[in-house]
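Shown next, in structure tokens, is the structure this report addresses.
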Protein chains: 2
Amino acid sequence: MMEATISESVKLDPVFLQKAAGIIKMLGHPDRLRIVELLQTGEHCVSSIQEYMGLSQPITSQHLKQMRQRGLVSRHREGNKMMYFVANPLIFKLLTCLRDTQVNMGCDALSLLD
Amino acid sequence: MMEATISESVKLDPVFLQKAAGIIKMLGHPDRLRIVELLQTGEHCVSSIQEYMGLSQPITSQHLKQMRQRGLVSRHREGNKMMYFVANPLIFKLLTCLRDTQVNMGCDALSLLD
DNA sequence: GCAATGTATATTATTTTCACTATATATGAG
DNA sequence: CTCATATATAGTGAAAATAATATACATTGC
């Protein structure tokens, strides 16, 4: 099994970078970041996400819609309910980065410096 | 040497999550994402960043200021010039995620699905 | 069919971001 | 001190994000 060693010199393709920025933008909102953190554990319906987050139903739907449009999450119907789940492998990787950083450096790793 | 295995079950601390969202938000703009990609290779002054990016001087300064306020980058004076550099380890990790994703999955990995 | 539940959308007001122009500040050279 | 270079900030207007309320739509069970 080969692990690719990614050199720092790999340049991000302009198209890729553009799409990536769009995805990252979606994670730049605390609520949405927390939603994907929840969804990472498995699929959830809107009402359970809503309850978990303590958000209104429309706001919850809106966040999910935005993330769906950017390809972060996807959904399927299950009877009455819409089940949402993470649809992009990059999301898992990015969340792993965050957890890793929190575990290794603690909360202060992200403190403002200036 | 021990590599920490980060379980998916590590829950992100609310404070950490809040700060992380702030940092991630800064990367959610294509120009800023490209700027940190540049800075990752070493420090650069404003005018060289500006030239590389093809942005106006005020816009360049503004992006840098925002990122400085969030702790993504820092700077020091070198004579006439202000040298900017990446100040947060998380940035490197996130960029590595992106490069890794691009290399392993190509540009289409981030395509919209819905 | 109707009512109940779950989700999505429309509308609107507020706030925030973005990008531009003009101007101010700081350093170095002379 | 003066000028040139490099950077930062102020002020403005347009565009986008956010959040709230009201309403529409879809599915289930009767």
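Everything quoted here is computed from the prediction, not taken from an experiment.
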key: Ser47(A) side chain near dT7(C) phosphate (N/O to OP1/OP2, under 4.0 Å)   = yes

task = Would you tell me if any nitrogen or oxygen in the side chain of Arg32(A) comes within less than 4.0 Å of OP1 or OP2 on dA17(D)?
result = no

key: Of all pairs that satisfy ring pair (Phe, Tyr, Trp, His ring centres under 6.0 Å), the ones with a partner from residues 33-56 of chain A, not counting sequence neighbours   = none

Interatomic distance, [X] [atom1] vs [N] [atom2] [rounded to whole Å]:
X        : N       : atom1 : atom2 : value
Ile24(B) : dA17(D) : CD1   : P     : 17 Å
His44(A) : dT7(C)  : NE2   : C1'   : 17 Å
His29(B) : dA15(D) : NE2   : P     : 15 Å
His63(B) : dT17(C) : NE2   : P     : 13 Å
His76(A) : dG6(C)  : NE2   : P     : 17 Å
Ile35(B) : dC18(C) : CD1   : C1'   : 14 Å
Leu55(B) : dT7(D)  : CG    : P     : 14 Å
Glu43(A) : dT7(C)  : CD    : P     : 12 Å

request  = Could you walk me through whether Lys81(B) and Val46(B) pass the side-chain contact (heavy atoms from CB on, under 4.5 Å) test, one step at a time?
outcome  = CA-CA 7 Å; Lys81(B) 305 187 172 176; Val46(B) 178; over 6 Å; no

request  = Treat each ILVMFWY residue as a node, draw an edge where side-chain heavy atoms are under 4.5 Å apart, and state whether Ile91(B) and Met105(A) are in one component.
outcome  = no

request  = Please check if Leu55(B) and Leu33(B) belong to a single hydrophobic cluster, counting links between Ile, Leu, Val, Met, Phe, Trp and Tyr side chain heavy atoms closer than 4.5 Å.
outcome  = yes

key: Any residue meeting side chain to side chain donor-acceptor pair (under 3.5 Å) with Ser61(B), in chain and number order, not counting sequence neighbours   = Gln57(B)

remark   = For Gln18(B), the side chain to side chain donor-acceptor pair (under 3.5 Å) test, sequence neighbours excluded, returns none

task = Not counting sequence neighbours, which residues clear side chain to side chain contact (heavy atoms under 4.5 Å, CB included) with Asp13(B)? List them please.
result = Gln102(A), Cys107(A), Val15(B), Phe16(B)

query = Considering only heavy atoms from C-beta outward, does the side chain of Leu39(B) approach that of Phe85(B) to under 4.5 Å?
reply = no

request  = Using salt bridge (charged side-chain N to carboxylate O under 4.0 Å, His left out) as the criterion, list what pairs up with Lys93(A), not counting sequence neighbours.
outcome  = Asp100(B)

Please tabulate, one pair per line, each protein N/O and nucleotide N/O from nucleotides 8-11 of chain C that are separated by under 3.5 Å, including the distance.
unit_1: dA8(C); atom_1: OP1; unit_2: Arg75(A); atom_2: NH1; d: 2.3
unit_1: dA8(C); atom_1: OP1; unit_2: Tyr84(A); atom_2: OH; d: 2.6
unit_1: dA8(C); atom_1: OP2; unit_2: Ser61(A); atom_2: OG; d: 2.8
unit_1: dA8(C); atom_1: OP2; unit_2: Tyr84(A); atom_2: OH; d: 3.3
unit_1: dA8(C); atom_1: N7; unit_2: Gln57(A); atom_2: OE1; d: 3.4
unit_1: dA8(C); atom_1: N7; unit_2: Gln57(A); atom_2: NE2; d: 2.9
unit_1: dA8(C); atom_1: N6; unit_2: Gln57(A); atom_2: OE1; d: 3.0

request  = Scan residues 42-62 of chain B for pairs that pass salt bridge (Lys or Arg N to Asp or Glu O under 4.0 Å), counting only residues two or more places apart or in two chains.
outcome  = none

ask   = Excluding sequence neighbours, so at least two apart, what forms ring pair (Phe, Tyr, Trp, His ring centres under 6.0 Å) with His63(A)?
value = His29(A)

inquiry  = Strictly under 4.0 angstrom, non-hydrogen atoms only: write out the protein contact profile of nucleotides 25-30 of chain D, one letter per nucleotide from the 5' end, B, S or -.
reply    = -SBS--

Could you pull out the protein-nucleic contacts involving nucleotides 12-16 of chain C (nitrogen or oxygen on both sides, under 3.5 Å)?
none

